[in-house]
Amino acid sequence: MSKPKKIAIYKKLVRRLSLGFETLSPEIQQEITDFIKSQQHTSGGFCDRAGKPDPYYSLFGCWLSLATGQKEEIEQLKAYISKQPETSSTVEELALNLMKAELFQQPKNESLLSLLKKVFSGHNFMDISYRFFLLALTIDATAKNRFVFNLMARVWLPFYKVKNNSPCSLVAALCFARFDLGLEYYKYQKLLLEFHQEKAGFRAFETTPFSDTLSTGVALFSLAETNYDLRLITPDCLDFIQMNYLSGAFLSGDGDETRDLEYTFYGLLALGSLVKDELAG
């Protein structure tokens, strides 16, 4: 009997978005799809908070469009991607590669060493851990270098110690990675739960006095994908997610009422992670 084909991590993210979207009423679904469409620039790219199209926000727009069945928007996005010049930003390059892996099935053929150099180099506006996360998603999506990368991770992860005051997003990524690689992960589920705030969602740091949508989304995704029983914290998280919904978008959770695609992604991810995925195995 052949071993089942591994599902790319980004496809699991999109699946969770879809599950979250499907739980909503037709009226709310329409509001969300209208918002997604409103964030697409005439060039086909999706806009940042300043209203300018860029690859990073286009990645969120891409995944949201896939999850909500926006075929016309996807076709426009493909035109935008095909016209993008070389970029000095590692985050933008990885975002483009992830979109190409899904929309064109033609990811850029680049060595693992070259990708690692870019992740640890300059010309980046994102934290190193987030850049590394995008790198892992890219390698996982393209299959190229996956064996070597996973082998390196299996050797490195058992020796990695979580530092005090590490962010929730890092602990969530470590928990999921250890589970995905067949390493012990229960300790990391417990560490992750320490970020949960009673009658709210998850905090960025254990000392942060409020929850946020990003931390809640990634924490719930990691816990759901590692088969943790979420029933005890579901009511708190659902209330938090509902409180941070506004006119077709999910907000950051810190009081900022600016609507954007990034936090809409994390809001739907959180909601979808609270739904039992019958296809998970």
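The figures that follow rest on heavy atoms only: side chains count, while hydrogens, waters and symmetry mates do not.
Linking ILVMFWY side-chain heavy atoms closer than 4.5 Å, directly or via other members, places Y80 and L64 in a single hydrophobic cluster. Grouping the Ile, Leu, Val, Met, Phe, Trp and Tyr side chains by contacts below 4.5 angstrom, directly or via other members, places Y185 apart from L223. In the hydrophobic clustering of ILVMFWY residues, with side-chain heavy atoms under 4.5 Å counting as a link, L137 and F179 come out apart. Hydrophobic clustering places Y10 together with L96 (ILVMFWY residues linked when any side-chain heavy atoms are closer than 4.5 Å, directly or through intermediates). F210 and M243 are members of different hydrophobic clusters when ILVMFWY side chains are connected at heavy-atom separations under 4.5 Å.
Closest heavy-atom contact between G267 and T213: N-CG2, 3.5 Å.
Within 6.0 Å of CD on Q242 lie no more than 12 heavy atoms contributed by other residues, nucleotides or ligands. The neighbour count for Y186 OH, taken as heavy atoms of other residues, nucleotides or ligands under 6.0 Å away, does not exceed 12.
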Test log, rule side-chain contact (heavy atoms from CB on, under 4.5 Å), inputs F265 and L17
CA-CA 7 Å; F265 166 86; L17 295 179; 3.6 Å; yes
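No donor-acceptor distance shorter than 3.5 angstrom exists from the side chain of E27 to the backbone of S25, with no hydrogens or angles considered. Q40 contributes a side-chain N or O that, together with a main-chain N or O of E73, makes up a donor-acceptor pair within less than 3.5 Å. Side chain of R16 to main chain of L269: no donor-acceptor pair is present (N/O by atom type, distance under 3.5 Å, no hydrogens or angles). Although no hydrogens or angles enter the test, the distance criterion places a donor-acceptor pair under 3.5 Å between the side chain of S38 and the main chain of F35. Counting only distance, with no hydrogens or angles, the side chain of T33 and the backbone of Q29 share a donor-acceptor pair below 3.5 Å. Here the side chain of S222 pairs no donor or acceptor atom with the backbone of A219 at under 3.5 angstrom. With hydrogens and angles ignored, the 3.5 Å screen pairs a side-chain donor or acceptor of R154 with a backbone N or O of L181.
A salt bridge links R49 to D256: one of the charged nitrogens lies within less than 4.0 Å of a carboxylate oxygen.
For the atom pair CD of Q30 and CG of L24, the computed distance is 12.5 Å after rounding to the nearest 0.5 Å. The CD atom of Q76 sits 9.5 Å away from atom OG of S65, with the distance rounded to the nearest 0.5 Å. For the atom pair N244 CG and E257 CD, the distance stands at 9.5 Å (nearest 0.5 Å). We find the OG-CG distance between S18 and L13 to be 12.5 Å, quoted to the nearest 0.5 Å. Here the CD-OG distance, from Q39 to S58, works out to 11.0 Å after rounding to the nearest 0.5 Å.
Considering only residues two or more places apart in sequence or on other chains, K78 meets the salt bridge (charged side-chain N to carboxylate O under 4.0 Å, His left out) condition with E75. For D48, the salt bridge (charged side-chain N to carboxylate O under 4.0 Å, His left out) criterion is met by no residue, not counting sequence neighbours. F176 pairs by the ring-ring contact (aromatic ring centres under 6.0 Å, His included) definition with F221, not counting sequence neighbours.
In this structure, the side chains of L192 and V171 come closer than 4.5 Å at one or more pairs of heavy atoms. Side chains of H41 and C47 form a contact here, defined as non-hydrogen atoms less than 4.5 Å apart.
A salt bridge (Lys or Arg N to Asp or Glu O under 4.0 Å) check over residues 230-252, counting only residues at least two apart or in different chains, returns the pairs D229-R231. Sequence neighbours left out, the pairs with a member in residues 163-190 that pass salt bridge (Lys or Arg N to Asp or Glu O under 4.0 Å) are K6-D180. Within the structure, ring-ring contact (aromatic ring centres under 6.0 Å, His included) pairs that include any residue of residues 224-263 comprise Y245-F250 (at least two apart or interchain).
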